[in-house]
Amino acid sequence: MVGFFEYLPEGNFKMLNLAHILIIVFGLLAIVLACFFLRKLEHKKVEKILIVCAILGLIVDPIYWIWELCVTGTLHFASTLPLYFCSLFYMTLATAVFCKNKKVKQTCYSYLATMNIFAGLMGLIINVNLNSYPVWSFVGVRTLGFHLLMLFVSCLIWMTKYYKPDIRDLYRFMIPLAIMFVPAIIVDKVWGFDYCYLNGGIGTPIELVSSAMPNAIYIILLYIFIFVCVVSVFHIPTIIKYCKKNVENKDERK
């Protein structure tokens, strides 16, 4: 019997087991239903929910660091630094809810409404932590709960229309990623880590693709693919609306 707080770096478990799949299905269903019932909520109340979510997001990593220090006596920097796509969730959310600058807020929300969904789904489904830890463990509960929180925030700002996409959001969502690349590239290069999947997505299905080409080509293709996916899934209506508005403005000037 594995203890809830036990440290299991080489545990013999498998992600996408029955418990994991059930949490994915019922977790996503609960998020959609909750956001559906909240869809007409006043934006001031939505802001209060987002502030609570931001605080929860900010404390998740410190709690994990305390646990890791208590059970191992050290921090494992190859996996514990806040340099994942998922780390951008609480960074951008906290910036968005506490910052007064409208352009900064819009940039953060453009990330939270789009790329954050891809990151949240990827972390929820392809969760390599669950190859070492059971779902019902500190690590399992922490990682699955965190990714469900990510998806809840994204769903909430869409369904309440709190987030209103702008044509400049087509590139704004990449700005937080570009900022994170700077420290990620440094630590990956110096210590051989794999933050932001810049060293090939070690231990994930991405490694099957990255191993077949030079790393520089892989990185370029990966982030072009991410950009195209985000724009295709989320911003086609924004582009159509922008083009239609431009045509109408030209007609009016005539």
Side-chain angles (χ1 to χ4, degrees), residues 21-63 82 84-125 127 141-177 229-242 244-245:
I21 293 171
L22 288 175
I23 286 176
I24 292 172
V25 173
F26 287 105
L28 292 177
L29 181 61
I31 287 170
V32 172
L33 287 175
C35 291
F36 176 79
F37 287 116
L38 294 171
R39 71 190 185 283
K40 295 182 180 179
L41 200 64
E42 295 177 5
H43 283 183
K44 286 185 178 180
K45 293 181 179 179
V46 174
E47 287 175 3
K48 292 179 180 179
I49 294 175
L50 293 175
I51 289 172
V52 172
C53 291
I55 293 170
L56 288 173
L58 286 169
I59 66 175
V60 167
D61 272 353
I63 289 173
Y84 293 103
F85 294 154
C86 302
S87 307
L88 278 175
F89 161 65
Y90 62 78
M91 294 178 188
T92 53
L93 181 57
T95 302
V97 299
F98 296 120
C99 180
K100 301 299 182 183
N101 186 291
K102 290 183 178 180
K103 289 183 179 179
V104 173
K105 289 174 78 74
Q106 185 69 14
T107 297
C108 291
Y109 282 123
S110 71
Y111 175 85
L112 290 166
T114 57
M115 183 61 200
N116 186 66
I117 295 179
F118 282 103
L121 286 173
M122 184 183 297
L124 183 66
I125 297 169
N127 195 311
V141 170
R142 175 249 183 192
T143 186
L144 293 174
F146 181 76
H147 289 97
L148 288 171
L149 180 66
M150 291 173 63
L151 294 168
F152 169 74
V153 166
S154 295
C155 188
L156 181 69
I157 61 177
W158 275 114
M159 294 190 73
T160 59
K161 297 182 179 179
Y162 187 83
Y163 168 68
K164 296 178 177 64
D166 181 89
I167 192 64
R168 287 178 287 267
D169 292 352
L170 268 70
Y171 65 83
R172 277 179 175 147
F173 78 91
M174 290 294 290
I175 294 174
L177 281 173
C229 284
V230 170
V231 171
S232 300
V233 172
F234 296 105
H235 285 307
I236 295 298
T238 305
I239 296 170
I240 293 172
K241 183 179 178 180
Y242 176 77
K244 185 178 179 182
K245 186 177 180 180

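Just so you know, residue 1 is the first one in the sequence shown, and it goes up from there. In this text the structure is predicted, and so the values were computed from the model without any measurement.
- In terms of heavy-atom proximity, Asp169 sits nearest to Ser110 at CG-CB, 3.7 Å.
- Here the CD1-OH distance, from Ile117 to Tyr111, works out to 11.0 Å after rounding to the nearest 0.5 Å.
- Minimum heavy-atom separation, Cys86 to His147: SG-NE2, 3.1 Å.
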request  = Could you give me the CA-CA distance, side-chain angles and deciding distance for Met115 and Leu177, then say whether side chain to side chain contact (heavy atoms under 4.5 Å, CB included) is met?
outcome  = CA-CA 9 Å; Met115 183 61 200; Leu177 281 173; 4.1 Å; yes

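- Shown here for Gly57 and Leu149, the closest heavy-atom pair between the two residues is N-CD2, 4.2 Å.
- A pairwise comparison of heavy atoms in Thr114 and Phe173 identifies OG1-CB, 3.6 Å as the closest pair.
- If you take CG on Leu88 and CG on Leu93, they are separated by 12.0 Å, rounding to the nearest 0.5 Å.
- Classified by interplanar angle (parallel below 30°, tilted 30° to 60°, perpendicular above 60°), the ring pair Trp158/Phe234 is parallel.
- Among residue pairs with one or both ends in residues 94-103, none qualify as side chain to side chain donor-acceptor pair (under 3.5 Å); sequence neighbours excluded.
- Side-chain contact between Met91 and Pro82 is present, with at least one heavy-atom pair separated by less than 4.5 Å.
- Rounding to the nearest 0.5 Å gives a distance of 10.5 Å between CE of Met150 and CZ of Phe85.
- More than 12 heavy atoms of other shown residues, nucleotides or ligands fall within 6.0 angstrom of atom OH in Tyr84.
- By the 4.5 Å heavy-atom criterion applied to side chains, Val32 and Leu28 are not counted as neighbours.
- Between Leu38 and Met159, the closest side-chain pair of non-hydrogen atoms is not below 4.5 Å.
- Of the possible donor and acceptor atoms, none in the side chain of Asn116 sits under 3.5 Å from a partner among the backbone N and O of Ala113.
- Atom CD1 of residue Ile49 and atom CD1 of residue Ile157 lie 12.5 Å apart, to the nearest 0.5 angstrom.
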Leu156 and Leu41: CA distance, side-chain angles, deciding distance, side chain to side chain contact (heavy atoms under 4.5 Å, CB included) verdict = CA-CA 10 Å; Leu156 181 69; Leu41 200 64; 5.7 Å; no

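- Nearest heavy atom pair, residue Cys108 against residue Ala96, reads CB-CB, 3.7 Å.
- Crowding of Arg39 atom CZ: a count of heavy atoms from other residues, nucleotides or ligands under 6.0 Å exceeding 12.
- Residues Val231 and Ile239 have side chains in contact (heavy-atom distance under 4.5 Å, counting atoms from C-beta outward).
- Evaluation of the side-chain hydrogen bond (donor to acceptor under 3.5 Å, both in side chains) rule for Tyr162 yields Glu47 as partners, not counting sequence neighbours.
- Residue Lys164 places its NZ atom among more than 12 non-hydrogen atoms of other residues, nucleotides or ligands, all under 6.0 Å distant.
- Taking CG of Asp166 as the start and OG1 of Thr238 as the end, the distance is 8.0 Å to the nearest 0.5 Å.
- Interatomic distance, Leu50 CG to His43 NE2, rounded to the nearest 0.5 Å: 10.0 Å.
- Taking the six-membered ring for Trp and the full ring otherwise, the centers of Phe146 and Phe89 sit less than 6.0 Å from each other.
- Dense packing is recorded around CZ of Phe98, with more than 12 heavy atoms of other residues, nucleotides or ligands lying under 6.0 Å away.
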